[in-house]
Number of protein chains: 2
Amino acid sequence: MRKPLDPDMFDPVCPSELVPIRVGDKWAGLIIQCLEGGPRRFSELRIPLRTVTPKVLTASLRSLERDGFVLRTALPGPVRHVEYRLTPLGRSLLPLLATARAWAETHLDELLTAREAADRAR
Amino acid sequence: MRKPLDPDMFDPVCPSELVPIRVGDKWAGLIIQCLEGGPRRFSELRIPLRTVTPKVLTASLRSLERDGFVLRTALPGPVRHVEYRLTPLGRSLLPLLATARAWAETHLDELLTAREAADRAR
DNA sequence: CGGCATCCCATAGGATACTG
DNA sequence: CAGTATCCTATGGGATGCCG
């Protein structure tokens with residue numbers, strides 16, 4: 001049984017781009033949280049990540065793999081099947097990502113308000 | 001009495017660039033931690049931040065100000081004097097930055113080891 | 001299915017020099 | 001002192017199309 005992913009995180013209405021906290025590159029944080037519930041395949045990752053292109057997703061996964069956050073496993077068989085899973089090191093980032101999410105939930109609108117006011121003032 | 005800053009944070013031997021956690025732009029996290037101990041002037045910030053150029057420091061401070069993390073105050077008087085201080089919103093990032101630092105202290109060498117191994121394998 | 005090859009562009013950020 | 005002004009480049013990331 002796989003843990004469902006928080007839908008808000010990928011909601012274009014609340015783009016993570018506005019959150020001034022990033023883990024790795026643009027997609028790494030989301031990827032790691034996608035993998036929290038267990039291994040995922042390449043195309044499974046593309047679904048919640050909607051707008052990510054294969055090239056960029058590959059690059060991000062390779063980077064995560066290189067730094068020991070993610071383990072890539074190509075399963076044998078007639079059909080091609082590749083799995084990505086978190087390593088313990090990758091899992092060590094989960095509390096941080098949860099904290100970042102919590103920060104965003106309680107403070108992001110303050111940021112937005114301040115930005116709006118600053119932009120209106122000039 | 002101003003709280004001394006952690007020297008390791010700015011040590012080129014442990015460049016924060018390797019830490020896959022960023023708050024805002026390249027310098028924002030360091031700036032915020034520089035301001036933790038109280039208001040600082042422009043040129044005071046340049047000292048721990050050693051390699052930052054004035055242009056980039058200005059840009060980062062403007063961005064932090066725009067988003068309500070930092071308050072800029074130009075004090076009156078014959079000599080020019082500008083102070084930067086954290087707002088409550090800016091302070092709300094401090095626990096996050098502390099967590100990031102803690103992560104780096106306990107896991108950064110794992111990352112480095114994994115990266116080294118991955119680079120040697122290819 | 002799980003990518004890679006190619007092209008392209010915007011932006012971040014650094015170097016250097018100058019100023020009110 | 002606290003910035004601006006210019007210029008320059010690296011790279012992150014997107015678009016598109018092809019492949020075993």
Side-chain angles (χ1 to χ4, degrees), chain A residues 10 12 15-32 34-35 39-67 69-85 115 122, chain B residues 10 12 15-32 34-35 39-67 69-85 115 122:
Chain A
F10 308 98
S16 54
E17 325 228 339
L18 290 177
V19 182
I21 307 160
R22 295 183 85 182
V23 174
D25 60 29
K26 178 173 180 181
W27 298 98
L30 271 334
I31 292 173
I32 289 171
C34 282
L35 296 176
R40 296 282 187 273
R41 308 175 55 173
F42 189 82
S43 39
E44 280 183 298
L45 289 171
R46 294 189 63 183
I47 297 170
L49 268 25
R50 308 207 146 260
T51 63
V52 76
T53 63
K55 178 203 147 189
V56 173
L57 179 56
T58 301
S60 193
L61 285 168
R62 292 288 182 273
S63 169
L64 287 168
E65 197 189 359
R66 178 185 182 225
D67 287 347
F69 296 121
V70 159
L71 187 66
R72 177 184 180 276
T73 316
L75 294 102
V79 311
R80 201 152 168 207
H81 190 133
V82 176
E83 263 187 7
Y84 294 92
R85 71 179 66 244
R115 180 180 290 191
R122 59 173 17 244
Chain B
F10 307 98
S16 55
E17 324 230 338
L18 290 178
V19 182
I21 307 162
R22 294 182 86 183
V23 173
D25 60 30
K26 179 175 181 182
W27 298 97
L30 270 334
I31 291 173
I32 289 172
C34 283
L35 296 176
R40 295 283 187 272
R41 307 176 56 173
F42 190 83
S43 39
E44 281 182 299
L45 289 171
R46 294 188 63 182
I47 297 169
L49 268 25
R50 306 208 146 260
T51 64
V52 75
T53 64
K55 179 202 144 188
V56 172
L57 179 56
T58 301
S60 194
L61 285 169
R62 293 287 183 272
S63 170
L64 288 168
E65 197 190 359
R66 178 184 182 227
D67 288 347
F69 295 120
V70 160
L71 187 66
R72 178 186 180 274
T73 316
L75 294 100
V79 313
R80 202 158 170 202
H81 189 132
V82 176
E83 261 187 9
Y84 293 93
R85 71 178 67 245
R115 180 180 291 192
R122 60 173 20 242

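In what follows, chains carry the letters A, B, and so on, assigned in the order in which the sequence lines appear, proteins first and then strands, with residues in each chain numbered from 1. Keep in mind it's a predicted model, so treat the numbers as computed, not measured.
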Atom pair distance, as rounded to whole Å: OH in A:Y84 and C1' in C:dG2: 7 Å
Touch class at under 4.0 angstrom, heavy-atom based, for A:R72 against every strand present: sugar-phosphate
Non-hydrogen atoms of A:R85 and A:P39 that approach each other most closely: NH1-CG, 3.6 Å
Gap between atoms CG and C1', on A:L57 and C:dG2 respectively (whole Å): 10 Å
Interatomic distance, A:H81 NE2 vs D:dG20 C1' [rounded to whole Å]: 18 Å
Per A:W27 side chain, nearest of listed nucleotides D:dG14, C:dG14, D:dG3: D:dG14
Toward the 5' end of DNA chain D, by each residue's nearest nucleotide, B:V82 or A:V52: B:V82
5′-ward residue of the pair A:R80/A:P54 relative to DNA chain D: A:P54
Sugar-phosphate only, base, or nothing, as touched by A:V79 at under 4.0 Å among non-hydrogen atoms: nothing
Euclidean distance, atom CG of residue B:L49 to atom P of D:dA2 [Å, nearest integer]: 15 Å
Atom-pair distance (CG on B:L75; P on D:dG3), nearest Å: 12 Å
Closest nucleotide among C:dG2, C:dT6, D:dT4 to the A:K55 side chain: C:dT6
Atom-to-atom span, CD1 of B:I31 to P of D:dA2 - whole angstrom: 14 Å
Heavy-atom side-chain contact between A:R22 and A:K26 under 4.5 Å: yes
Nearest to side-chain heavy atoms of B:V56, which nucleotide of C:dC1, C:dG13, D:dG14: C:dG13
Minimum side-chain heavy-atom gap B:T58-B:F42 below 4.5 Å: yes
Which nucleotide in C:dG3, C:dC1, C:dG14 has an atom nearest any side-chain atom of A:T58: C:dG3
OP1 or OP2 of C:dG2 under 4.0 Å from side-chain N/O of A:S43: yes
Under 4.0 angstrom between A:R41 side-chain N/O and C:dG3 OP1 or OP2: no
A:R46 to A:P54 - nearest heavy-atom pair and separation: NH2-CD, 3.5 Å
Touch class at under 4.0 angstrom, heavy-atom based, for A:R62 against every strand present: sugar-phosphate
Side chain to side chain contact (heavy atoms under 4.5 Å, CB included) assessment of A:D25 paired with A:L64: CA-CA 9 Å; A:D25 60 29; A:L64 287 168; over 6 Å; no
Protein-nucleotide distance (B:L61, atom CG; D:dA2, atom C1'), rounded to Å: 11 Å
Atom-to-atom span, CG of A:D25 to C1' of C:dT11 - whole angstrom: 16 Å
